[in-house]
Peer 1: 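Okay, handing you the structure first.
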Number of protein chains: 2
Amino acid sequence: MDPVICTVDVVLLTLTAEGLEVALLKREHAPFKGVAALPGGYIHARTDTDARDAARRVLLDKTGIAAPYLEQLATFSGAARDPRGWSVSIAYYALVPAATIAQAERHEVRLYSVDRLPPLPFDHGDIIETAVSRLRSKSQYSSLPCHLLGEVFTLPQLQRVYEVLMGESINKVSFRRKMTEMDMLDPVDGQFDSSGAHRPAQLYRLKPAFREQLQLLERGL
Amino acid sequence: MDPVICTVDVVLLTLTAEGLEVALLKREHAPFKGVAALPGGYIHARTDTDARDAARRVLLDKTGIAAPYLEQLATFSGAARDPRGWSVSIAYYALVPAATIAQAERHEVRLYSVDRLPPLPFDHGDIIETAVSRLRSKSQYSSLPCHLLGEVFTLPQLQRVYEVLMGESINKVSFRRKMTEMDMLDPVDGQFDSSGAHRPAQLYRLKPAFREQLQLLERGL
DNA sequence: CGAATAGTGTCTGTAAGACAGTATCTG
DNA sequence: CAGATACTGTCTTACAGACACTATTCG
């Protein structure tokens, strides 16, 4: 049984005015000390119950964020990816509203557009690319994008999220029909977003059943 | 850096007259010696280039099969899943025609219907369940099921594979329209399956571009 | 009242499924 | 020729997108 380095990495994604962004931190230790990288770290077999627990711990320690939505992405492994030796990184991805990152007030956490990434250590570029493509593909037929918004949001806001993720505009009537048939939203009675100079929009929240678990559609949007 | 046991497990799936089946082998060593389990083993950091390579090696060593289609499934980990200690299993799934398993002539390899599994060690039951559900879900919108048939096959054979996997009958005209628009099959000119007492069926083969890579549909079948 | 966006009713084109017909083999 | 299954043409139905209309706010 040869020694293998076991780590977790977390791709923390959020949506800002700039589009889809990923949270990176400068590495505190060699190798690649000082280079922006995914939050990650060794598995602590003494204290972590499993890799998901390790990912949650690493994310909380390094970014101050307890992400409600954290899902396994894939595992990256091999002799070549880390100069320290044969390594395994079990990668997770987390989705949070941009406000959550701001509230954490960890100024060492910096956001980068997924389309303009800096040079990255290890295979972190591949990991982020995989995460973005997974998010985009799952967005086509699931409630995933809701996790990029806050607890309550309007249908036009949600539609814009889907549009940014999928890179194309969506028919408003079709979008609302889909949302109705997915039956994943609860209107917040009597609550409206009146921030614009126009008719206020009904506020909704994700139904509890969809907070952790995804809803899958038979057909896409 | 706490010690972690690093292994790979392979869910080898095939389709027989009994339906979808998984290949299991009796374990040669403790723990769970003599119990039917997934083919799996330690990662050999000295010789494996990455986990996929380890999975391919394990599958070839234990079953004699060089599976053309081998894809990462998920990683199972934690303190509780293996009595030897905190462990990681990077699970892969492979799809082969039933004939490939017969040709390998490894009589220790036994097939079990995925609906009637024997008691399984570790979390192998969860791993198989995840693999089956992944296969079923991907079958809805991809060329995956082709790998359960041999190199050449007829459209009615392929339709039956999709029907068994998805557990429902498919409209023949729609199915053939989809196959045409996916454009993943090449007719084998002048070759027909004339085994029945009826009009022979055109033989097709998967286009080379789809042998390793999946075709994804916008909409399902 | 005009501008702006929220939200809805309805038409239309496209794509999926039903059905029925023709084609081609065996016994 | 009867039976069986392969394959195809066409009608019908369901759903996604286009369009237009109403609703409600601010300035």
Side-chain angles (χ1 to χ4, degrees), chain A residues 17 139-143 145-146 149-150 152-205 215-221, chain B residues 17 139-142 146 149-150 152-205 215-221:
Chain A
S139 294
Q140 287 175 357
Y141 55 92
S142 81
S143 54
C146 294
L149 290 171
V152 298
F153 48 83
T154 68
L155 284 180
Q157 281 167 357
L158 184 59
Q159 179 170 352
R160 276 187 288 272
V161 171
Y162 275 93
E163 287 174 340
V164 170
L165 291 177
M166 319 205 343
E168 58 187 19
S169 60
I170 300 169
N171 179 281
K172 184 170 55 164
V173 179
S174 302
F175 180 77
R176 296 170 97 97
R177 266 195 298 242
K178 277 289 176 194
M179 290 303 120
T180 304
E181 92 186 31
M182 278 175 85
D183 194 32
M184 65 183 196
L185 301 179
D186 275 330
V188 187
D189 279 350
Q191 296 269 66
F192 297 85
D193 173 359
S194 317
S195 58
H198 50 78
R199 175 172 173 178
Q202 173 69 55
L203 286 169
Y204 293 84
R205 72 174 79 240
Q215 161 77 341
L216 296 179
L217 253 62
E218 292 221 0
R219 307 188 195 291
L221 283 184
Chain B
S139 295
Q140 288 175 357
Y141 55 90
S142 81
C146 296
L149 290 171
V152 298
F153 48 82
T154 68
L155 284 180
Q157 280 168 359
L158 185 59
Q159 181 171 351
R160 276 186 287 271
V161 172
Y162 274 94
E163 286 174 341
V164 169
L165 291 177
M166 320 206 342
E168 58 188 18
S169 60
I170 300 170
N171 180 280
K172 184 170 53 165
V173 179
S174 302
F175 180 77
R176 296 171 97 98
R177 266 196 296 243
K178 276 289 177 194
M179 290 304 119
T180 304
E181 90 185 35
M182 277 176 87
D183 194 32
M184 65 183 196
L185 300 179
D186 274 330
V188 186
D189 279 350
Q191 296 269 67
F192 296 86
D193 173 0
S194 316
S195 59
H198 50 79
R199 175 172 172 179
Q202 173 70 54
L203 285 170
Y204 293 84
R205 73 173 79 240
Q215 161 76 341
L216 296 177
L217 252 63
E218 292 223 358
R219 307 188 194 290
L221 282 184

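Note that this is a predicted model, so its numbers are computed, not measured. Letters A, B, ... are given to chains in the order of the sequence lines, protein chains preceding strands, and every chain is numbered from 1.
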Peer 1: Report yes if a donor N or O on one partner sits less than 3.5 Å from an acceptor N or O on the other, where the partners are the side chain of B:R199 and the base of D:dA4; otherwise report no.
Peer 2: no
Peer 1: For the side chain of B:H198, starting at C-beta, report the closest nucleotide among D:dT5, D:dG3, C:dT5.
Peer 2: D:dT5
Peer 1: Distance criterion of 3.5 Å, no angle test: do you see the side chain of A:N171 paired donor-to-acceptor with the base of D:dA18?
Peer 2: yes
Peer 1: Rounded to the Å, how far apart are A:E181 CD and D:dA14 P?
Peer 2: 15 Å
Peer 1: Given atom CD of A:Q191 and atom P of C:dA6, what is their separation to the nearest angstrom?
Peer 2: 18 Å
Peer 1: Between atom CG in B:L155 and atom P in C:dT24, what is the gap in whole Å?
Peer 2: 17 Å
Peer 1: Whole Å only: how far is the CE atom of A:M179 from the P atom of D:dG17?
Peer 2: 12 Å
Peer 1: On DNA chain D, nearest-nucleotide positions of A:V173 versus B:V173: which is more 5'?
Peer 2: B:V173
Peer 1: Return the value, rounded to whole Å, for the distance between atom CZ of A:F175 and atom P of D:dC15.
Peer 2: 19 Å
Peer 1: Pick the closest DNA chain D nucleotide for B:Q202 and for B:A197 by heavy atoms, then say which residue is nearer the 5' end.
Peer 2: B:A197
Peer 1: In whole Å, I'd like the distance from the CG atom of B:L158 to the C1' atom of D:dA6.
Peer 2: 15 Å
Peer 1: For the residue pair B:Y141 and A:Y141, categorise the inter-ring angle as parallel (less than 30°), tilted (30 to 60°) or perpendicular (more than 60°).
Peer 2: tilted
Peer 1: Check the pair A:Q157, A:D193 against side chain to side chain contact (heavy atoms under 4.5 Å, CB included), reporting the backbone distance first and the verdict last.
Peer 2: CA-CA 10 Å; A:Q157 281 167 357; A:D193 173 359; 3.4 Å; yes
Peer 1: What I'd like to find out is whether the side chain of B:L158 reaches to under 4.5 Å of the side chain of B:M179, using heavy atoms alone.
Peer 2: yes
Peer 1: Over how many whole Å does the gap from A:K178 atom NZ to C:dT8 atom P extend?
Peer 2: 18 Å
Peer 1: Hey, does the side chain of B:S174 come within less than 4.0 Å of C:dG17's phosphate (OP1/OP2), counting only N and O?
Peer 2: yes
Peer 1: Calculate the interatomic distance between A:L203 atom CG and D:dT24 atom P; express it in whole Å.
Peer 2: 17 Å
Peer 1: Would a 4.5 Å heavy-atom cut-off, applied to side chains only, mark B:F153 and B:L185 as touching?
Peer 2: yes
Peer 1: Are OP1 or OP2 of D:dC7 and a side-chain N or O of B:R176 less than 4.0 angstrom apart?
Peer 2: yes
Peer 1: Want to settle it: does A:P200 or A:R177 sit nearer the 5' end of DNA chain C, counting the closest nucleotide to each?
Peer 2: A:P200
Peer 1: Just to confirm, is there a sub-4.0 Å distance from OP1 or OP2 of D:dA6 to any side-chain nitrogen or oxygen of B:K172?
Peer 2: no
Peer 1: Looking at every non-hydrogen atom in both residues, tell me the closest pair between B:S142 and B:M182 and how far apart they are.
Peer 2: C-CE, 3.9 Å
